[in-house]
Amino acid sequence: MSLSIDTKGTAAKIVNETVLHKRYITVWNRTTQFEDGRVIDWDVVGHDTPYPTFVVVFTFDTKKKTTCILKEYAQGTNEIKYTCVAGSYDQRKHQSVLEAAQHELSEEARLKGGEWINLLPANHSPDGISELKWGKNRFIPYLCLDPIEDENPLERDAEEYIQVVKGVIIDHLESFITQGEMMLPSVQTSWMALSYLRKNNFL
């Protein structure tokens, strides 16, 4: 058997899908059928919203060669972890996915403006990158070059427990990643951003 990479959500036939639980997070029972005929039931977790589910933003100061990240409470493991700016895309309040990213940058990092680059590969599903093997959520990774301080930032959500960490050099960022101290969507976005920065001679 030879499997081909599929990033467009068509790797198996979805036979049936029903909601088992729904609050902030939704749990589905999904039944899929593989090409070899096997039919499997899965627990699939995520947000019951249109794609992309959320955005992740890596910032970079082109003069100082630093980034701004966060220390944030992760409720699932009851830990404080490093993250990039991240948050949901809500079609009811955002005019675009980019606007969602800009709002999150203001809310979480107290920054605004800058040059914005969508890091999603051209041949990838526009729905975004999958967050987890067993999760339904997808995200769009962004790089924001040279944002500035937002003197009137948007209000954070009531449940957010965040500390802004400014002036992080890339060596330290890579150390946080290799020590397992950063959340995975932020790792993915950081990797893609650093690749872009190196390819375009910013690093």
Side-chain angles (χ1 to χ4, degrees), residues 3 5-57 69-109 119-120 124-142 154-163 177 180-192:
L3 297 179
I5 293 298
D6 183 316
T7 62
K8 295 179 171 56
T10 58
K13 178 182 178 181
I14 298 176
V15 177
N16 188 49
E17 190 170 85
T18 56
V19 173
L20 299 177
H21 168 80
K22 183 173 183 178
R23 195 172 64 166
Y24 182 67
I25 295 289
T26 301
V27 181
W28 292 267
N29 179 68
R30 175 181 289 177
T31 304
T32 61
Q33 183 175 14
F34 293 123
E35 289 183 352
D36 63 11
R38 286 180 296 152
V39 176
I40 309 292
D41 286 330
W42 313 89
D43 288 345
V44 175
V45 178
H47 296 284
D48 192 10
T49 56
Y51 286 140
T53 317
F54 65 105
V55 293
V56 184
V57 183
I69 58 176
L70 310 173
K71 292 179 181 177
E72 186 171 6
Y73 178 66
Q75 67 270 32
T77 52
N78 196 29
E79 298 174 312
I80 301 293
K81 302 293 287 280
Y82 287 111
T83 70
C84 295
V85 166
S88 62
Y89 165 55
D90 187 339
Q91 292 184 350
R92 296 169 298 179
K93 64 179 183 180
H94 299 130
Q95 295 297 313
S96 65
V97 180
L98 176 59
E99 184 181 77
Q102 293 168 334
H103 284 191
E104 290 298 328
L105 187 66
S106 175
E107 292 171 19
E108 295 189 343
L119 296 170
L120 194 69
H124 200 285
S125 167
D127 291 338
I129 298 169
S130 55
E131 179 185 17
L132 298 164
K133 176 183 175 182
W134 41 265
K136 194 172 184 179
N137 293 351
R138 290 176 175 266
F139 68 94
I140 303 294
Y142 280 98
L154 297 173
E155 186 176 352
R156 291 175 181 166
D157 295 333
E159 72 274 8
E160 290 182 311
Y161 191 52
I162 289 172
Q163 177 188 336
I177 291 172
E181 297 172 346
M182 180 171 267
M183 300 299 292
L184 292 179
S186 296
V187 171
Q188 173 78 44
T189 301
S190 296
W191 180 276
M192 297 175 80

Original post:
Got a sec: does the CD of Q95 have more than 12 other heavy atoms crowding it under 6.0 Å?
Top reply: no
**OP:** Please round to the nearest 0.5 Å and tell me the distance separating atom OG1 of T53 and atom CG of D48.
**Re:** 10.0 Å
Original post:
So which heavy atom on S88 is nearest to which on H94, and how close?
Top reply: O-CE1, 3.4 Å
**OP:** Please report the shortest heavy-atom distance between F139 and Q188, naming the atom on each side.
**Re:** CZ-CG, 3.8 Å
Subject >> Approximate separation, where rounding is to 0.5 Å, of R30 CZ and K136 NZ >> reply: 5.5 Å
Subject >> Worked check of side-chain contact (heavy atoms from CB on, under 4.5 Å) between Y142 and V85 >> reply: CA-CA 10 Å; Y142 280 98; V85 166; over 6 Å; no
Original post:
Which atom names give the shortest non-hydrogen contact between V57 and C84, and what distance separates them?
Top reply: O-CB, 3.2 Å
Original post:
Should the ring pair W42 and F34 be called parallel, tilted or perpendicular, given that the plane angle runs from 0 to 90° and is split at 30 and 60?
Top reply: perpendicular
Subject >> Rounded distance (nearest 0.5 Å) linking atom OG1 of T49 with atom CD of Q91 >> reply: 8.5 Å
Subject >> Side chain R156, main chain E108, donor-acceptor under 3.5 Å >> reply: yes
Original post:
With sequence neighbours left out, what residues match Y82 under ring-ring contact (aromatic ring centres under 6.0 Å, His included)?
Top reply: F176
Original post:
Is it true that the side chains of N78 and Y73 contain a donor and an acceptor less than 3.5 Å apart?
Top reply: yes
Original post:
Between the side chain of T31 and the main-chain N/O of D41, is any donor-acceptor distance below 3.5 Å?
Top reply: no
Original post:
Would you say the side-chain atoms of D157 pair up with the backbone N or O of E159, donor to acceptor, closer than 3.5 Å?
Top reply: no
Subject >> Heavy-atom side-chain proximity of P185 to F54 below 4.5 angstrom >> reply: yes
Original post:
Which atom names give the shortest non-hydrogen contact between K81 and A74, and what distance separates them?
Top reply: CG-CB, 4.2 Å
Original post:
What are the two closest non-hydrogen atoms of V45 and I25, and how far apart are they?
Top reply: CG1-CG2, 3.3 Å
Original post:
Between T7 (side chain) and H124 (backbone), is there a donor-acceptor pair under 3.5 Å?
Top reply: no
Subject >> Side chain S190, main chain S186, donor-acceptor under 3.5 Å >> reply: yes
**OP:** Take atom NZ of K13 as the centre, draw a 6.0 Å sphere, and report whether it contains more than 12 heavy atoms from other residues, nucleotides or ligands.
**Re:** no
Original post:
Can you tell me how far the NZ atom of K22 sits from the CH2 atom of W28, to the nearest 0.5 Å?
Top reply: 7.5 Å
**OP:** Kindly say whether H47 contributes a backbone atom to a donor-acceptor pair with the side chain of N137 at under 3.5 angstrom?
**Re:** yes
**OP:** To the nearest 0.5 Å, tell me how far M183 CE sits from L70 CG.
**Re:** 12.5 Å
Subject >> From CA spacing to verdict: side-chain contact (heavy atoms from CB on, under 4.5 Å), I162, T83 >> reply: CA-CA 10 Å; I162 289 172; T83 70; over 6 Å; no
Subject >> Rounded distance [0.5 Å steps], CD1 in I129 versus CD1 in I140 >> reply: 7.5 Å
**OP:** Give the minimum heavy-atom separation between L120 and G128, together with the two atoms involved.
**Re:** CD1-CA, 4.1 Å
